[in-house]
S.K.: 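Got a structure for you, questions after.
Note on naming: letters A, B, ... go to the chains in the order of the sequence lines (proteins, then strands), and numbering restarts at 1 for each one.
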Amino acid sequence: MPELPEVETTRRGLLPHVEGKLIKAAVVRSRALRLPVPRNLARTLAGSTVRNIGRRGKYLLFDCGHGTLIIHLGMSGRLWLVNATVQPQRHDHFDLVMASGKIMRLRDPRRFGLIVWQRGDALAHPLLRDIGPEPLEADFDGAWLYRNTRKRSGAIKNVLMDSHLVAGIGNIYANETLFSAGIHPGTQAQRIGLARYQVLADEIRATLTRAIAAGGSSLRDYVGSDGQAGNFQKNFKVYDRAGAACFRCAAPLRMLRQGQRSTFYCARCQK
DNA sequence: CGCCAGGCCTGCACGC
DNA sequence: TGCGTGCAGGCCTGGC
């Protein structure tokens, strides 16, 4: 589930129940995530107060003052709030038990997510240190994309998903924003000019902003009760729509493999 | 059964 | 030589 908008939606949903709140305890049920969960994490967290929840790309940053709890949801991870009476199920690897009685619970069937602890500056962590600008911050724009792709011979679709160029663009939003910008996913990144990168950067900003706003509408269900996305609207224009009619020109959308990921596009609208 | 899935790090080969 | 870059592999489980 988690693309950047879902991670941001999760962050906002957790905020009122976690930020400024005292941690009573933490429970680690499985240490075997993409990286091993630190052994003494429960002891480190107990008695701390979460000062705020930040986000860098798709990493959530729980600032505890003396260090930061960094959580990534991987492919299948989900964080939500439960009451103490809700029994953990299979794949519920981690609980943050707040003094209020609320529990922030991590469920991650595929275990591609991770939980690490960083003392001091969280952004100095090796996982975060070299990540590119946030797509919704002011330092990200078409000029940045243009400047940093002059030697990139790879396909723009793959280059866009490189978190060192720009943070948090996954497979879905790479597909969606290239369609919106009218750029063929196979185009070599270095052959795209400044003007087209400006269109692309604007589309990235607009698409993510809209998706976060839409995520917000299903937020209460998502974070508050059973963690299910419910009737979360997936009005993707191209993603997972191979063979279906392009919303813009009605031509059938196509699919191809780039890297080991599926790409969806319109051969008529994207050049 | 085989194949696919919203991520992303690592290691290797290659070219400048 | 030392990089930046491109690409495949791998971590897991579940659903079709």
S.K.: Categorize A:Arg150 for me: base, sugar-phosphate, or nothing, with a 4.0 angstrom heavy-atom threshold over every strand shown.
M.R.: nothing
S.K.: Just jot down the side-chain contact (heavy atoms from CB on, under 4.5 Å) partners of A:Asp141, sequence neighbours excluded, or say none.
M.R.: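 A:Ala143, A:Trp144.
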S.K.: When the distance from CG of A:Asp130 to P of C:dG4 is rounded to whole Å, what number comes out?
M.R.: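 Taking CG of A:Asp130 and P of C:dG4, I get 10 Å after rounding.
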S.K.: Among residues at least two apart in sequence or on other chains, which ones pass salt bridge (charged side-chain N to carboxylate O under 4.0 Å, His left out) with A:Asp162?
M.R.: A:Arg152
S.K.: For nucleotides 7-12 of chain C, tabulate all protein N/O to nucleotide N/O atom pairs closer than 3.5 Å, reporting atom names and distance.
M.R.:
unit_1	atom_1	unit_2	atom_2	d
C:dG9	N7	A:Gln260	NE2	3.0
C:dC12	O2	A:Arg110	NE	3.1

S.K.: Taking only residues two or more places apart in sequence, or in another chain, which ones meet A:Asp240 in a side-chain contact (heavy atoms from CB on, under 4.5 Å)?
M.R.: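 With sequence neighbours excluded, A:Asp240 shows a side-chain contact (heavy atoms from CB on, under 4.5 Å) to A:Phe264, given in chain and number order.
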S.K.: Identify whether any heavy atom of A:Leu35 sits under 4.0 Å from a base atom; if not, whether one sits that close to sugar-phosphate; answer base, sugar-phosphate or nothing.
M.R.: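 No contact.
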S.K.: Under 4.0 Å from OP1 or OP2 of B:dA5: is there any side-chain N or O of A:Ser76 that close?
M.R.: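 For B:dA5, neither OP1 nor OP2 has a side-chain N or O of A:Ser76 closer than 4.0 Å.
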S.K.: Under a 3.5 Å cutoff on both atom distances, Watson-Crick or G-U, what's the dot-bracket for DNA chain C ([ ] crossing, | other strand)?
M.R.: .||||||||||.||||
S.K.: Determine whether the side chains of A:Arg196 and A:Thr187 contain a donor N or O and an acceptor N or O closer than 3.5 Å.
M.R.: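 There is no such pair between these side chains.
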S.K.: Polar atoms only, N or O, under 3.5 Å: list the protein pairs with nucleotides 12-16 of chain B and their distances.
M.R.:
none

S.K.: Are OP1 or OP2 of B:dA5 and a side-chain N or O of A:Tyr239 less than 4.0 angstrom apart?
M.R.: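 It does not, given that no N or O in the side chain of A:Tyr239 lies less than 4.0 Å from OP1 or OP2 of B:dA5.
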